[in-house]
K.L.:
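Dropping a structure here in structure tokens format, bear with me for questions.
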Amino acid sequence: MRSIKDYADIVGKETIEEIEKLGSYLSGKIIQNINSTPVGGGVAEILSRMVPLLKEVGVDARWDFIKGGEKFFEITKKIHNSLHGVEENISDDDFKHFLDVTEENLKEINLLGDIIFIHDPQPIGLIKAKDKNGFKEKKFIWRCHIDLSSANPKTFNFLKKFIEKYDYSVFSSPLFAKKLKIPQILISPSIDPLSDKNKDLPVETINEVLSRFKIDPERNIITQVSRFDRLKDPLGVIDVYRLVKKYVDCQLILAGGAAADDPEATEVYNEVIEKAGGDKDIFVLNLPPVSNIEINALQRASTVVLQKSIKEGFGLTVSEGLWKSKPVIASAVGGIPLQITHKYSGLLSRTIEGTALYVKQVLQNPSYAKQLGENGHNHVKHNFLITRHLRDYILLFLKTGYTQMQDTVYL
Ligand code: UDP
């Protein structure tokens, strides 16, 4: 079993001791995380590591999920897209169904936390419980993982009524914050360097995964890992690959899977298969929900990692690629520019043609690729590892939960 102490080799003993000390101040308090899926996507990825680590430093952290049927998740996906600025038709009936499912969850979920930590819009309505007797002492935090800067006003105003009832809100980037009546805290996401997704792998494991999928380790590999979602632009990635292939030999991996709260995945997967058109050098991998070693191996085997998103929250896959010292070429959207300084720790692009040009450049210039990857690794090490995130969360919980600590603990 991995221990918090194992991270000392990466971030230093003092950092770990400080986290353990801060965690001890929360002893006896229950922190209840609630989101909408145990697997698939960045929120589940973070919680699956954050909750055990919080427990290890003495915090009674829990993780629960709301329930909803197909119609509910179709609506929440439309809400998600429209918060990213995509045109969606969300009817009054949709909003009503969202509220009805919220009421059902309010009856079913035991809100036992001292701090109720709600992630993203799907469970946002659970804040209605705050007015109940006995709940006034609890603190409610809304953690937003989405870039709200171009949110559809109608959708945002619907959610704002809930958001402003929370005690605190948390955003991943200052650019995502909105004008709100409640305090907004900035905490960027993170990756776990010791998880199966990111730990070092023996070369035999990497080769075994490549051979399982019949990918040639001797030829260039361009990879994008993402849920099959239009906002991740997998079709655009195929266009990029086809442009690059005119000049440099390469293979393309589109590795993805479904998330329990994402009903569009099958449709998008089918569109990708159709566009790939049987090209033997395009590997469209629809992976089972927990395929961490496979994804780790595919990222490590890549010559270039892409994240050609049209819209993005933070984009954990960018940090995952950079941590593996890969040259990452990604769209300048959402939280990606926090992770990549253009031409220093990766490359930022906006178009298919621009992305293809950078991929070609990097494939033709291995020493430049190596330099970008090394700079990217260091940037992630200093900014986007789970130990920093863990410390930020503990400080946030202390600030919201313990009035006597407020003079001494600042974010
Ligand atoms: N991921 C995965 N399997 C997949 C697709 C994605 O494990 O088939 C992981 C990926 O490695 C990353 C997370 O899911 O850790 C996606 O997070 P990101 O912030 O990039 O995007 P989101 O899906 O939250 O929009």
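Counting starts at 1 for both ligands and their atoms, following the listed order. From a predicted model like this one, the values you see are computed outputs, not experimental measurements.
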K.L.:
Any Lys/Arg nitrogen of E74 or K78 sitting under 4.0 Å from an Asp/Glu carboxylate oxygen of the other?
P.N.:
no
K.L.:
Short N/O distance, under 3.5 Å, between P289 and ligand 1?
P.N.:
no
K.L.:
What protein heavy atom is closest to atom 23 (O) of ligand 1, reported as residue, atom name and distance in Å?
P.N.:
R227 NE, 2.7 Å
K.L.:
Can a donor-acceptor pair be found between the side chains of N375 and Q371 at a distance below 3.5 Å?
P.N.:
yes
K.L.:
For the ring pair F384 and H379, is the centre-to-centre distance below 6.0 Å?
P.N.:
yes
K.L.:
Is any side-chain heavy atom of K245 less than 4.5 Å from a side-chain heavy atom of D281?
P.N.:
yes
K.L.:
Does the residue L287 have a heavy-atom contact with ligand 1, meaning some pair of atoms that are separated by less than 4.0 Å?
P.N.:
no
K.L.:
What residue and heavy atom of the protein are closest to atom 6 (C) of ligand 1, and at what distance?
P.N.:
V225 CG1, 3.9 Å
K.L.:
Under 3.5 Å, is there a donor-acceptor pair between the D64 and Q32 side chains?
P.N.:
yes
K.L.:
Could you find the nearest protein heavy atom to atom 11 (O) of ligand 1 and give me its residue, atom name and distance?
P.N.:
E320 OE1, 2.8 Å
K.L.:
Which ligand 1 atoms are under 4.0 Å away from a heavy-atom of E45?
P.N.:
15 (O)
K.L.:
Any heavy-atom pair between the side chains of F72 and H97 that's under 4.5 Å?
P.N.:
yes
K.L.:
Tell me the protein heavy atom at minimum distance from atom 8 (O) of ligand 1, and give that distance in Å.
P.N.:
G256 C, 2.8 Å
K.L.:
A side-chain contact here means heavy atoms from C-beta on lying under 4.5 Å apart; do I336 and F314 qualify?
P.N.:
no
K.L.:
Of the protein's non-hydrogen atoms, which lies at the shortest distance from atom 2 (C) of ligand 1, and what is that distance?
P.N.:
I295 CD1, 3.2 Å
K.L.:
Quick test of your reading of the structure: of A44, G335, A265, G42, whose heavy atom lies closest to atom 16 (C) of ligand 1?
P.N.:
G42
K.L.:
With atoms numbered from 1 as shown, which atoms in ligand 1 lie under 4.0 angstrom from a non-hydrogen atom of G257?
P.N.:
4 (C), 8 (O)
K.L.:
For the aromatic rings, using the six-membered ring if either is Trp, is the centroid distance between Y344 and H342 under 6.0 Å?
P.N.:
no
K.L.:
Provide the number and element of each atom of ligand 1 under 4.0 Å from a heavy atom of G315.
P.N.:
19 (O), 20 (O)
K.L.:
Report yes or no: is the cationic atom of K178 (NZ for Lys, CZ for Arg) closer than 6.0 Å to the six-membered ring centre of F156, at no more than 45° off its axis?
P.N.:
yes
K.L.:
Nearest to atom 19 (O) of ligand 1, what protein heavy atom do you find, and at what distance?
P.N.:
L316 N, 2.9 Å
K.L.:
Would you mind running through ligand 1 and noting each atom that sits below 4.0 Å from a heavy atom of K197?
P.N.:
2 (C), 7 (O), 9 (C), 10 (C), 11 (O), 15 (O)
K.L.:
Return a yes/no value for V43: is any of its N or O atoms, backbone included, closer than 3.5 angstrom to an N or O of ligand 1?
P.N.:
no
K.L.:
Could a heavy atom of G313 be found less than 4.0 Å from some atom of ligand 1?
P.N.:
no
K.L.:
May I ask you to check whether over 12 heavy atoms, not counting those of R350, lie within 6.0 Å of atom CZ?
P.N.:
no
K.L.:
Does an N or O anywhere in T317 fall below 3.5 Å from an N or O of ligand 1?
P.N.:
yes
K.L.:
Against ligand 1, does K232 come closer than 4.0 Å with any heavy atom?
P.N.:
yes
K.L.:
Cationic tip of K130 within the cone over F135's six-membered ring, i.e. under 6.0 Å and within 45° of the normal?
P.N.:
no
K.L.:
Tell me which part of S226 gets within contact of ligand 1: side chain, backbone, both or neither, using heavy atoms under 4.0 Å.
P.N.:
backbone
